[in-house]
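Residue numbers run from 1 in the order of the sequence given.
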Amino acid sequence: MAIYHFSMQVISRGKGQSVVASAAYRSGEKLFNERYDKVSHYQNREVKPETFILKPSHAPAWCLERVRLWNEVEHIEKAKNAQLAREFNVALPIELTNEEQRALLVNFVDKTFVAEGMVADIAIHRDDPQNPHAHVLLTIRPFNEDGSWGAKAKKEYLLDDEGNFTYTKSGAKRSRKITTTNWDDKETLARWRSAWAFYANQHLRLAGHSVTISEKSNEALGKIEEPSIHEGFTARKLAKQGEFSDRVAINEEIKARNKAHVKLDEVNQRLERITKHERRFTALTPAERTELKQLAKVLRMYIVVDTLEDKKKILARWRSKLDVQEEFETVEPKVWASLQQQEQAHKQATALLTNEAKRIMTTHYGNSLNSDYLNRMVVSEMSRLGRPLNEQELRTFCEAHREEELIEELEKITQQPLITATTARERLTELQRDPLANAEEKKLLALALKLFDDYYDEQLEKVLPSFNKKRTPLQEKEWLVAAIHYYGKPMLSELLTTKSAVPLTKYSPAELQLVKGYLQSERTYFLAQQRGSSDGAEEVFAFTQKMPERLVKDVQHPRYQSFVLSECLAHGILTTDEVMTLASALRAHNEQGETVYFNESYGGKLYPMAPPTQLLNQLLRGQNLTQILSDLEQQEKIKQQLQKQIKRKKR
């Protein structure tokens, strides 16, 4: 799967390096070095690199000629220890096609480096299919607007209080070196590293993949795996030839340890999932358990291969948006055609993978199972073992995974955004009015609503045992559970008791000021993605760099975004109209002349938003607030006691 690798170095004459030779090695081309009167050519590449050059609009046309570009650099840099070029190396996501990898590089390099004034010489190496990567040589000296070379740095003389020159003991004027760019700053490098993860993830998302990468360490991400080291082409080639490579050997040891850690973690996660859903299992009758498997189809939640899941969500969001827009404005036929083409391709890809699993099962066992999920799981296990399962193993394996199939269905239903429950209720109401409606669909929708309601009742019981669930609509229960998770119990207590004139919110006004610009740029970028483009990604990334990481996560969350916007409303940063507009795809007038807002993700009407205190009081109206505050206080005391016990055990 995709890995994060971004390393940078400086090509320097002081280290005995030549930038012409470096370019020749990375590009695989024969280049003549004028400074040393020699030809540099490296012919040991099994696969010819894919190369191209990107330049700023004001840089001269000859920059696109590799041999002239780097000879000009060798010529303009006079010092014997001069820095000639900056190079970075990135690992390309193997989930992307060659064309998609190239598009990712062009987008990242153009927006991150070329836009800053650098010329970028790019070479993609695909000698090892499992390790596609790119080398990018960047000019260190900027270009002036007239196309001439600019200065790397300038001299600034140090003056005294009266504006006179100051001098050293030897009589020389005191001065200091001022760089003309920030390209050597540590903060800039950190931004570049973060930008690579951002652009790679956006292109993976655009291609329909759920995998993501991060520049953060495994420890910072809370992962149990040890990070592997970069092996490089030479080390991999030695290993393929049967020779010893210490870097490959180290990684093999790390992989073995990680495999054991991951296996244990998977067992723990499975036990947690089964425990988490135990209550819902006991609440379902045998007939309801069977019907549960059909719910995904009724609610348009098909079980598909993981790598296609994100693409399916993107297409569903796109179609929902167009369905709503079609009622109030004209949608261009080519937009519909593009969506239908992608949906057809996705359907074919899913069918191919499902049919392949059935074919393999039929080949080895005479027929496939009646569950696509189990077919895929068995084929995956066969691939892991390198052999078919015998009859007893197959029976045991299926019994063990039938419960997990039910868990997967439950999680797909209970983890859906708010609009799913609302849509299910509206559809059920519509069917109940129709005497000719499908009875099976009505029964399944009723079961779905039962599951939604039971799920949120359980969540509320854990935190607010005195909460009167019977008197509260399902939609409000979901919002209250989301509020508990968003604010946390201590802050929830403060919000319910505060009498201050200053609005109490999770984020400061300064942090919330960035939300409007971020959401506007995110929407523009999302629409570009639907057209198959990545335009606007740099603006979204710029906002993520300004905002706290936790705020970015909350504003991207399908439920928490509404609470962030309600805080903007409380501080007067956004008006009610602006809040509703930012959270919706569009607004229109219904037959009664009222303004109706539609949700961007699923095409459903939005839940009205208000400042946090007002919203919570609305959700808890008719409840005993004194008892609820007591519940929250008791929960906090229990938490503190548990923390003390953990500390004692550690000692």
Side-chain angles (χ1 to χ4, degrees), residues 276-277 279-280 282-284 288 295 299 410-411 413-430 432 442 445-498 504 506 557-567 569-570 579-580 583 597 599 602 604-636:
K276 176 182 174 182
H277 294 287
R279 167 177 167 160
R280 276 176 292 288
T282 56
L284 294 174
E288 286 175 334
L295 269 178
L299 299 177
L410 279 166
E411 290 186 339
I413 293 166
T414 56
Q415 290 177 4
Q416 290 300 307
L418 175 67
I419 196 64
T420 308
T422 307
T423 303
R425 187 192 295 104
E426 289 177 353
R427 175 64 177 157
L428 179 58
T429 302
E430 180 185 333
Q432 287 171 338
K442 285 195 287 188
L445 286 168
L447 174 58
L449 291 172
K450 174 184 174 181
L451 286 167
F452 280 125
D453 205 45
D454 189 59
Y455 176 76
Y456 291 115
D457 281 355
E458 180 187 15
Q459 295 293 308
L460 288 168
E461 275 182 18
K462 292 177 181 177
V463 182
L464 306 174
S466 62
F467 183 80
N468 189 338
K469 299 179 289 296
K470 292 182 179 179
R471 295 174 54 187
T472 307
L474 173 60
Q475 188 182 21
E476 293 189 11
K477 288 179 187 178
E478 179 165 22
W479 274 77
L480 186 54
V481 168
I484 292 169
H485 292 161
Y486 174 78
Y487 288 112
K489 286 169 274 192
M491 188 170 183
L492 205 63
S493 296
E494 289 185 71
L495 281 166
L496 293 173
T497 57
T498 183
L504 178 63
K506 185 175 177 179
H557 193 282
R559 293 190 183 102
Y560 297 167
Q561 182 188 109
S562 298
F563 293 104
V564 175
L565 288 172
S566 75
E567 294 189 13
L569 187 62
V579 164
M580 297 298 284
Y597 295 89
N599 180 274
Y602 292 88
K605 290 190 281 283
L606 285 173
Y607 188 83
M609 279 177 266
T613 305
Q614 182 183 334
L615 177 62
L616 286 169
N617 283 325
Q618 182 181 346
L619 293 172
L620 294 169
R621 65 185 181 280
Q623 301 284 339
N624 186 337
L625 288 182
T626 303
Q627 186 58 51
I628 284 175
L629 287 168
S630 176
D631 290 341
L632 291 169
E633 185 180 352
Q634 187 63 28
Q635 288 279 331
E636 190 59 25

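- Closest non-hydrogen pair, Ser566 versus Pro612, comes out as O-CD, 3.6 Å.
- Rounding to the nearest 0.5 angstrom, the gap separating the CH2 atom in Trp479 from the CG atom in Leu616 is 11.0 Å.
- Separating the CD atom in Glu567 from the OG atom in Ser562 is a distance of 11.5 Å, to the nearest 0.5 Å.
- The side chain to side chain donor-acceptor pair (under 3.5 Å) check on Gln614 picks up nothing, with sequence neighbours excluded.
- Checked against salt bridge (charged side-chain N to carboxylate O under 4.0 Å, His left out), Lys506 has the following partners two or more places apart in sequence or in another chain: Asp554.
- Atom-to-atom distance recorded for Met491:CE and Ile484:CD1 is 14.5 Å, nearest 0.5 angstrom.
- Applying the side-chain contact (heavy atoms from CB on, under 4.5 Å) rule to Thr613 yields the partners Leu495, Thr498, Asn617; only residues at least two apart in sequence or on another chain are considered.
- Leu569 pairs by the side-chain contact (heavy atoms from CB on, under 4.5 Å) definition with Thr576, Val579, Pro611, not counting sequence neighbours.
- Taking Tyr487 as the reference, Phe563 meet the ring-ring contact (aromatic ring centres under 6.0 Å, His included) condition, with sequence neighbours excluded.
- Shown here for Thr472 and Lys477, the closest heavy-atom pair between the two residues is O-CE, 3.2 Å.
- Residues that satisfy the side chain to side chain donor-acceptor pair (under 3.5 Å) test with Ser630, not counting sequence neighbours, are absent from this structure.
- The side chain to side chain donor-acceptor pair (under 3.5 Å) test applied to Gln432 returns no partner, not counting sequence neighbours.
- With values rounded to the nearest 0.5 angstrom, Leu480 atom CG is found 7.0 Å from Leu492 atom CG.
- Not counting sequence neighbours, the partners of Val481 by the side-chain contact (heavy atoms from CB on, under 4.5 Å) test are Tyr456, Gln459, Leu460, His485.
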